[in-house]
Amino acid sequence: MAKEYSRAQRVAEQMKKEVAGIIMREMKDPRVKMATVSDVWVSGDLKYAKIYVTFLDNDPAAVTKGIRILNRARGFFRTMIGQAMQLRMVPEVSFLYDKSLEEGFRMSGLITEAVRHDAELREESGPNDDSADDDNISQDNSSEVAENSDATTK
């Protein structure tokens, strides 16, 4: 069965495309040219929209300035969205910084560090005889299976 999407989800996806295009083509401010729309959330009644953006420059001062510029241009964005999407009621938009990309890089770094640390600990402890024990266990299991199959056939 096909997955159904609510009207709010469909409007959010279309708004994401439109806002990305507006930032890329229509915005005159060079400080926000390198902004990327990562997600859009629209309320169920289509009155409010949160637009999550990331910037090429992750400097906190530049991010704060970029969000402030985008939020000052909310009226411009509403007008452009209304013209492009032909909605009867255009949602009130607000721009927020999307920290998920930074968080993903941080988590990836932590995982890499943990794997490296585990490898160092293994090297310090020396060679492990676990593989020899595994071979003995598998040989014991195969002999038991052979004995069981002989008993059932007799």
Side-chain angles (χ1 to χ4, degrees), residues 1-135 137-138 141-142 145:
M1 184 172 179
K3 187 174 182 180
E4 294 184 28
Y5 294 97
S6 69
R7 177 164 168 78
Q9 289 172 324
R10 291 190 310 266
V11 169
E13 282 299 313
Q14 186 63 32
M15 278 184 70
K16 181 178 175 181
K17 292 175 189 172
E18 297 298 334
V19 171
I22 292 167
I23 289 174
M24 190 170 56
R25 290 186 292 276
E26 305 292 331
M27 284 291 291
K28 304 292 186 218
D29 197 326
R31 295 174 289 186
V32 294
K33 282 286 187 185
M34 295 310 222
T36 303
V37 179
S38 57
D39 196 20
V40 175
W41 174 84
V42 177
S43 65
D45 60 0
L46 305 178
K47 287 187 178 184
Y48 303 99
K50 293 180 184 178
I51 302 171
Y52 295 92
V53 295
T54 58
F55 295 92
L56 188 61
D57 182 14
N58 283 337
D59 176 44
V63 168
T64 304
K65 186 183 284 187
I67 293 295
R68 192 175 330 119
I69 291 167
L70 289 171
N71 278 318
R72 284 184 187 161
R74 285 187 283 195
F76 170 73
F77 279 98
R78 281 191 74 199
T79 300
M80 298 300 288
I81 291 168
Q83 290 173 358
M85 294 180 62
Q86 299 176 352
L87 294 172
R88 185 168 49 124
M89 190 170 94
V90 180
E92 287 287 330
V93 297
S94 61
F95 290 89
L96 302 166
Y97 180 62
D98 186 10
K99 297 178 184 174
S100 64
L101 189 61
E102 280 181 21
E103 190 65 19
F105 285 136
R106 186 183 74 80
M107 295 296 287
S108 178
L110 289 173
I111 292 169
T112 302
E113 178 63 26
V115 168
R116 186 188 59 75
H117 182 68
D118 285 349
E120 288 175 359
L121 289 176
R122 280 193 204 106
E123 288 177 6
E124 289 175 5
S125 67
N128 232 351
D129 290 333
D130 289 342
S131 61
D133 292 340
D134 290 342
D135 291 339
I137 291 170
S138 64
N141 287 342
S142 62
V145 169

**Request:** Indicate the atoms forming the closest heavy-atom contact of Met89 with Asp45, along with that distance.
**Result:** CE-O, 4.1 Å

**Item:** Side-chain donor or acceptor of Arg74 paired with backbone N/O of Asn71 under 3.5 Å
**Value:** yes

**Item:** Where Ser43 and Lys47 come nearest, the two heavy atoms and their spacing
**Value:** OG-N, 3.3 Å

**Check: Ser108 side chain, Gly104 main-chain N or O, donor-acceptor pair, under 3.5 Å** = no

**Prompt:** What pairs meet the salt bridge (charged side-chain N to carboxylate O under 4.0 Å, His left out) rule with one or both residues in residues 13-25, with sequence neighbours excluded?
**Reply:** none

**Request:** Taking the side chain as every heavy atom from C-beta outward, state whether Ile22 and Ile81 have any atom pair closer than 4.5 Å.
**Result:** yes

**Asked** Quick one: do Arg78 and Glu92 make a salt bridge, cutoff under 4.0 Å?
**Response** yes

**Asked** What are the two closest non-hydrogen atoms of Ile67 and Leu96, and how far apart are they?
**Response** CD1-C, 3.7 Å

**Message:** Quick check: closest heavy atoms across Gly66 and Val32, and the distance to 0.1 Å?
**Reply:** O-CG1, 3.8 Å

**Prompt:** Between Ser38 (side chain) and Tyr52 (backbone), is there a donor-acceptor pair under 3.5 Å?
**Reply:** yes

**Asked** By salt bridge (Lys or Arg N to Asp or Glu O under 4.0 Å), which residues pair with Arg88, not counting sequence neighbours?
**Response** none

**Prompt:** What heavy-atom pair brings Arg7 and Leu46 nearest, and what distance separates the two atoms?
**Reply:** NE-CD1, 3.4 Å

**Prompt:** Would a distance-only check, ignoring hydrogens and angles, find a side-chain to backbone donor-acceptor pair under 3.5 Å from Glu102 to Lys99?
**Reply:** no

